[in-house]
Protein chains: 2
Amino acid sequence: MESRCENCIIRQFNSLRAMSKEELKKVSDSKTTKKIKKGDPLFEEGDKLNGVYCVRDGVSKLSKLSANGKDQIVKLATKGEVIGQRSVIAEESTNLSATAVNDMEVCFIPKESIIHTLHKNPDFTLEVLRHMAHDLKEADDVIVNMSQKTVKQRIAEAFLYLKNNFGEDEEGFLALTLSREDISNVVGTATESAIRIISEFKKKGLIHTSGKRIGIKNERKLVELVEGF
Amino acid sequence: MESRCENCIIRQFNSLRAMSKEELKKVSDSKTTKKIKKGDPLFEEGDKLNGVYCVRDGVSKLSKLSANGKDQIVKLATKGEVIGQRSVIAEESTNLSATAVNDMEVCFIPKESIIHTLHKNPDFTLEVLRHMAHDLKEADDVIVNMSQKTVKQRIAEAFLYLKNNFGEDEEGFLALTLSREDISNVVGTATESAIRIISEFKKKGLIHTSGKRIGIKNERKLVELVEGF
DNA sequence: ATCAATAACTGATAAATGTCATATTTTTAG
DNA sequence: CTAAAAATATGACATTTATCAGTTATTGAT
């Protein structure tokens, strides 16, 4: 199921769209497509990356291990996003681990073709820069949320985020199902605390659950909660 | 005291060093030098920036107001750093406020010369990209610290950070003096909590104080505390 | 130098969150 | 399908952190 980058729709959503025909050809010739099973790593914190990963399908969590042994999820990367750019550009080993949250299909693009284009094609470089500027802004927002909002607010926000970014299935559950542990690692709290708050939300009729799946029942109240009522 | 960017030492520390002679000339001709008094703003959250600020002297805090009315300081920018790049590049209004922590001298560079160079000089763009990649990594670290470390650990870390990045004066106090409120806004806690922990550190002989000035007395123990003992 | 304003500090208490222990449910492997 | 493993759930309690109320110290303007 090998296909050409030139024809890849995914590309429209990331910085590769700023590449020239020839550059894209080179990328396409050097790339390899990989399937990664749910729970398997794309790479681990500290690895030297020889390229970047372009997500064709599935979701990856980017996380960092803290001193107390807990993972903090910093970002969820989905279809169209490029993972690993930061460390390739900074020429450092990666500061984050990437793990498949569900079955994934990714293209691995060796760093040479990326770096070469970064030096030659300012449109591409600027496009990458714009994406990184966006990520930085989001990171700033996360910092503020982490330090100024309660766990309850952060969990409510996480559910809204999941709805807005990954949507819902036919039955009205969030399309991306995270384990309670992953949820707690996104909001930065103990798993038990997250579970407790989920139970509370359920009792109050803000959400409904079925197994590990969660559906939003009263979006408005969740929003109010996030804003601080 | 107007001087030319071409001769500015500060430039060596930021992305402007990747500019060509002519580009630098254009920047130098269009820039203006400003003095900003301690406590005064460079810009406020939501402002549209018409350029970037290059810090020649002094320190600026970059902060974001949270829903509960507290400021969260996201970064301290010092000599050599360029402020406001992110929003100029993303062509958005700024997500942060910048305020002078002490008397500052900055150069304001209109965005036109920056943007023009971003489109024409890939070396410059890549250099800016590298700086932003660095900022993003630091932001990731802050997220992990905020969510996984106790207030005590974060305060200890803040003192070590201040020592490593701004040094100490002749009397052994941290060269950059922040108010207790600013300290609490850096680590994301209530001012009273920060004060309490500072008192505790003092009692335990980790630091010494004189007015609002703080000096590190037992760096090793502070480091141990941060790592979690 | 003096006084008003601001910042730093302390105590008491409430609220939020983490930890540990254990029960229950769901998922997975064979 | 079933047993074992893993994940979810809940209770009791400890710890951390915030809030409110008030005092003391420092700073800045006249």
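Just so it is clear, the structure is predicted and the values come from calculations on it, not from any experiment.
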| query | Would you call the rings of A/Tyr161 and A/Phe166 parallel, tilted or perpendicular if under 30° counts as parallel and over 60° as perpendicular? | reply | perpendicular
| request: Just do the side-chain hydrogen bond (donor to acceptor under 3.5 Å, both in side chains) check on A/Lys202 and A/Thr209 with the steps written out, would you? | output: CA-CA 7 Å; A/Lys202 199 170 149 184; A/Thr209 69; 2.9 Å; yes
| message | From NZ of B/Lys37 over to P of D/dG28, roughly how many Å is that when rounded to an integer? | response | 13 Å
| Polar contact flag, side-chain donor to acceptor under 3.5 angstrom, A/Ser66-A/Gln72 | no
| field | Whole angstrom value for the distance that separates P of D/dT16 from CD1 of B/Ile155 | value | 14 Å
| query | Is any side-chain N or O of A/Ser193 closer than 4.0 Å to OP1 or OP2 of C/dT17? | reply | no
| remark: note: A/Glu200, atom CD; D/dT8, atom P; distance rounded to Å ~ 19 Å
| Separation of D/dT27 C1' from B/Arg213 CZ (nearest whole Å) | 14 Å
| query | Do B/Thr177 and B/Lys212 get their side chains close enough for a donor-acceptor pair, meaning under 3.5 Å? | reply | no
| For A/Thr150, does its backbone N or O pair with a side-chain atom of A/Gln153 as donor and acceptor, under 3.5 Å? | yes
| request: Could you state the atom-to-atom distance from CG of A/Asn185 to P of C/dG18 in whole Å? | output: 12 Å
| message | On the nucleotide D/dA18, are OP1 or OP2 found under 4.0 Å from the side-chain N or O atoms that B/Thr189 carries? | response | yes
| request: Give me the ring orientation class for A/Phe201 and A/Phe159: parallel if the planes are under 30° apart, tilted from 30 to 60°, perpendicular past 60°. | output: perpendicular
| Exercise: do A/Asn95 and A/Glu45 side chains pair donor with acceptor under 3.5 Å | no
| request: For nucleotides 3-10 of chain C, just jot down a letter per nucleotide in 5' to 3' order: B, S or -, based on protein non-hydrogen atoms under 4.0 Å. | output: -----SBB
| query | What are the residues of residues 144-154 of chain B, sorted by number, that bring a heavy atom to within less than 4.0 Å of DNA chain D? | reply | B/Thr150, B/Val151
| Interatomic spacing from NZ in A/Lys204 to CG in A/Leu222 - rounded to 0.5 Å | 11.0 Å
